[in-house]
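The structure displayed is predicted, hence computed values, not measured ones. When a residue number appears, it is its place in the shown sequence, counting from 1.
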Amino acid sequence: AMELDVDVDAVPEGTVVFAPEPLLRIQGPLIQCQILETALLNLLNFQTLVATKAARICLAAGDDPVLEFGLRRAQGIDGGIAASRAAYVGGCAATSNLLAGEIFGIPVRGTQAHSYVMSFDDEREAFETYGRAMPNNCIFLVDTYNTLKGVRHAVEVAKQLRREGIEMTGIRLDSGDLAELSQEARRMLDKAGFPHTVIAASNELDEWQIAKLKGQGATIGLWGVGTRLATAYDQPALDGVYKLAAIRGPGEPWRHRIKLSEEDPAKGTLPGIHQARRYALDGRWVGDVIYDVERSKNGPEEVRKLADAGTFELPEGAYTAYDLLLPIYRDGKRVYTVPSTEAARKRALEELDRLPEEVRSLTEPASYPLGIDTRVLELRDALAQEHRSEDE
C-alpha cells in the first residue's frame with residue numbers, strides 16, 4: 001500500500017488571488033504528486049470559478065442579499081452541491097439547495113413555486129394556504145398568470161393574514177420587464193400599507209443584468225440567481241493548471257523545469273518553487289509579488305512587472321507584507337486547522353473589501369498590481385534559451 005507522503009502549501013480558502021499566482025504547491029514523490037493532479041484540478045477549478053462568479057454578482061447587488069438558486073441547472077447533483085457551497089463562500093447569503101444547507105451549514109431560503117400556485121384553482125387560495133403554512137416567512141410568487149394582478153391578489157391575502165397576526169415577507173417576480181414591474185409593484189405595496197415588503201426577482205440573472213436593472217431604477221431588494229451562477233454561464237471553465245516546476249533525486253539539488261509554447265506564450269510556465277507575497281498599505285492591498293522560496297529565501301528584492309514592462313514599484317512607507325501560501329500538509333499529515341464554510345465566506349468578503357475599488361469595477365476594471373522577482377524571470381529566460389538552443 002502507498003502512504004501519502006507529500007507537503008502541501010495553499011492559500012486559505014476565501015483568499016482573493018490573481019492569475020498567475022500559485023494557489024497550491026505540492027512537493028513529494030513524483031508518482032504521488034501525479035496521482036493528486038486530476039482530483040485537485042477538479043476541486044479547485046470549478047469551485048474557484050463559481051466563488052468568483054458569486055463575488056461578482058454580489059458586488060453588483062451591493063447591499064442587497066443574493067440567493068443561490070442554481071441546483072436544477074447545475075452539472076449533476078455533486079456539481080450542484082459544490083456550486084452551492086462555493087457560491088456561499090463567494091458572498092451569497094443563502095441557497096435553495098437543502099442538502100448543501102444540511103451538509104455545510106449554509107442558510108437555506110426559497111420562495112413559493114409556480115407548481116404550488118398552479119395546484120390550486122385560485123391564486124388567492126394558493127397565497128392564503130402558503131402564508132399560513134409559512135407564517136412570517138412567505139414570499140408570494142406573483143407572475144404565474146398575470147404579474148400585476150398577482151400583486152393585487154398578494155396584497156388582498158396579506159391584509160387578511162395581517163388580521164391573523166401573519167405578515168407577508170415579500171413577493172417574487174420571475175418574468176417580464178423586471179425594472180418596470182418592480183416599480184409598479186412597489187407603488188402598489190406601499191399604497192396598500194406594505195412598505196417593508198421586499199420585492200425579490202429571478203429569471204436568468206447575473207452581475208450584468210443586476211447592474212442594468214439597478215441602473216433602470218428597479219426596486220428589487222432580493223436577488224435569486226440560478227443558472228448563470230451555478231454553471232458560471234459566460235465562462236464555464238477555469239483554466240487552472242498543475243505543472244511540474246522542479247525535480248530532484250534523493251540528496252540532489254533542485255533541477256528546474258519549464259513548459260514552453262511558441263504558439264501561445266501564455267501557456268508557458270514559470271520554473272521554481274513559488275510563493276506569492278502580498279503588500280498592504282493603510283489597510284488596502286497595493287500589489288503582490290511572485291518569488292522563488294529557494295532562490296530568494298528572504299522574499300523578493302528586485303522585482304519587475306509580470307509582462308516585463310518596466311519596474312514593479314514596491315510600496316514605500318509603513319506597509320505590511322505576508323505570504324499567501326501556508327503549510328497545509330507535511331509528510332502526508334495535516335498541520336492546518338481547516339476553517340468552517342462560514343469562516344471562509346467571512347474571509348472572502350473581508351478580502352474583497354480590501355481590494356482597490358477600481359479593481360472591483362465590473363466595467364473596464366483596473367489591473368491589480370502584480371510583480372515577479374527578477375531571479376525567477378532570469379531563470380525562466382535561461383531555461384527557455386537552453387531548450388531553444390537544443391532545437392537548433
Any donor-acceptor N/O pair, Arg354 side chain to Gly283 backbone, under 3.5 Å: yes
Tyr291 side chain to Asp323 side chain, donor-acceptor N/O pair below 3.5 angstrom: yes
Shortest non-hydrogen separation from Gly14 to Glu351 and the atoms involved: O-OE1, 4.2 Å
Any donor-acceptor N/O pair, Gln183 side chain to Gln216 backbone, under 3.5 Å: yes
Donor-acceptor contact below 3.5 Å, side chain Gln209 vs main chain Asp206: no
Any Thr95 side-chain heavy atom under 4.5 Å of Phe104 side chain: no
Arg284 atom CZ, over 12 foreign heavy atoms within 6.0 Å: yes
Sequence neighbours excluded and cut-off under 3.5 Å, please list the side-chain donor-acceptor pairs for residues 229-247, or say none.
from   : atom 1 : to     : atom 2 : distance (Å)
Thr231 : OG1    : Thr227 : O      : 2.5
Asp234 : OD1    : Lys53  : NZ     : 3.0
Asp234 : OD2    : Lys53  : NZ     : 3.1
Gln235 : NE2    : Ala237 : O      : 3.3
Tyr242 : OH     : Cys33  : O      : 2.7

Salt bridge (Lys or Arg N to Asp or Glu O under 4.0 Å), paired with Glu13, selected from Arg347, Arg345, Arg85: Arg85
Any donor-acceptor pair under 3.5 Å from Thr48 side chain to Asn45 backbone: no
Within-4.5 Å side-chain heavy-atom neighbours: Asp64 and Ile220: no
Check against side chain to side chain contact (heavy atoms under 4.5 Å, CB included), Val117 and Phe120: CA-CA 6 Å; Val117 176; Phe120 290 81; over 6 Å; no
Test item: Ser361 side-chain N/O and Glu364 main-chain N/O as donor-acceptor pair under 3.5 Å: no
Joint hydrophobic cluster, Leu173 plus Tyr145, side-chain heavy atoms closer than 4.5 Å: yes
Glu207 (side chain) donor-acceptor with Leu59 (main chain) under 3.5 angstrom: no
Sequence neighbours excluded - side chain to side chain donor-acceptor pair (under 3.5 Å) pairs with any residue from residues 126-139: Arg132-Glu164
Common cluster, Leu205/Leu67, ILVMFWY with side-chain heavy-atom separation under 4.5 Å: no
Test side chain to side chain donor-acceptor pair (under 3.5 Å) applied to Arg124 - qualifying residues, sequence neighbours left out: Glu156
Row check, Tyr336 ring normal vs Arg330 NZ/CZ: under 6.0 Å, within 45°: no
Thr269 side chain vs Lys259 backbone, donor-acceptor pair below 3.5 Å: yes
Note, Ser115 side chain near Met118 side chain (heavy atom, < 4.5 Å): no
Under the side chain to side chain donor-acceptor pair (under 3.5 Å) test, residues paired with Tyr368 that sit two or more places apart: Asp288
Cys92 vs Cys58 side-chain heavy atoms within contact, under 4.5 Å: yes
Any donor-acceptor N or O pair under 3.5 Å, side chains Glu68, Ser84: yes
Shortest non-hydrogen contact between Leu325 and Leu24, atoms and distance: CD2-N, 4.0 Å
Steps toward salt bridge (Lys or Arg N to Asp or Glu O under 4.0 Å) verdict (Glu350, Lys346): CA-CA 6 Å; Glu350 290 174 349; Lys346 182 174 183 290; 2.6 Å; yes
Test side chain to side chain contact (heavy atoms under 4.5 Å, CB included) applied to Arg375 and Ser296, step by step: CA-CA 8 Å; Arg375 283 158 288 195; Ser296 307; 3.2 Å; yes
Audit row: Phe140, His153, side chain to side chain contact (heavy atoms under 4.5 Å, CB included) steps and yes/no: CA-CA 10 Å; Phe140 297 138; His153 290 164; over 6 Å; no
Residues, nucleotides or ligands: over 12 heavy atoms within 6.0 Å of Lys214 NZ: yes
Side-chain heavy-atom pair Met2, Asp5 within 4.5 angstrom cut-off: no
Donor-acceptor side-chain pairing of Arg277 and Tyr322 below 3.5 angstrom: no
Closest contact, heavy atoms only, Val376 versus Asp292: CG2-N, 3.8 Å
Closest contact, heavy atoms only, Glu167 versus Arg162: OE2-NE, 2.8 Å
Gap separating the CG atom of Leu324 from the CG atom of Asp9, nearest 0.5 angstrom: 12.0 Å
Short side-chain to backbone donor-acceptor contact, Thr15 and Pro12, under 3.5 Å: yes
Non-hydrogen atoms of Leu355 and Arg360 that approach each other most closely: O-NE, 3.5 Å
Side chains of Glu102 and Leu98 in contact at under 4.5 Å (non-hydrogen atoms): no
Met168 and Phe127, any side-chain heavy atoms less than 4.5 Å apart: no
Reported CG-to-CD distance for the pair Leu178 and Glu204, which is rounded to 0.5 angstrom: 11.0 Å
Check: Gln34/Glu37 side-chain N/O donor and acceptor closer than 3.5 Å: yes
Mutual orientation of the aromatic rings belonging to Tyr279 and Tyr319 [parallel < 30°, tilted 30-60°, perpendicular > 60°]: perpendicular
Cluster link Leu4 to Val8, ILVMFWY, side chain under 4.5 Å: yes
Donor-acceptor under 3.5 Å (Glu386 side chain, Leu383 main chain): no
CD/Glu357: more than 12 non-hydrogen atoms of other groups inside 6.0 Å: no
Passing option when Leu222 is tested against Thr169, Ile199, Val66, Ile139 for side-chain contact (heavy atoms from CB on, under 4.5 Å): Ile139
Modelled atom types, side-chain donor and acceptor of Gln385 and Arg388, under 3.5 Å: no
Heavy-atom closest contact (Ala158 atom, Phe194 atom, distance): CB-CZ, 3.5 Å
Side chain to side chain contact (heavy atoms under 4.5 Å, CB included) between Arg163 and Ile166, intermediate numbers included: CA-CA 7 Å; Arg163 289 191 286 271; Ile166 298 171; over 6 Å; no
Transitive ILVMFWY side-chain link Val17 to Leu43, under 4.5 Å: no
Under the salt bridge (Lys or Arg N to Asp or Glu O under 4.0 Å) test, residues paired with Asp7 that sit two or more places apart: none
Sub-4.5 Å side-chain heavy-atom contact between Val335 and Ile328: no
For Asp174, side chain to side chain contact (heavy atoms under 4.5 Å, CB included) partners two or more places apart: His114, Leu141, Asp143, Arg172, Ser202, Asn203
Met134 with Phe69, same ILVMFWY side-chain cluster at under 4.5 Å: no
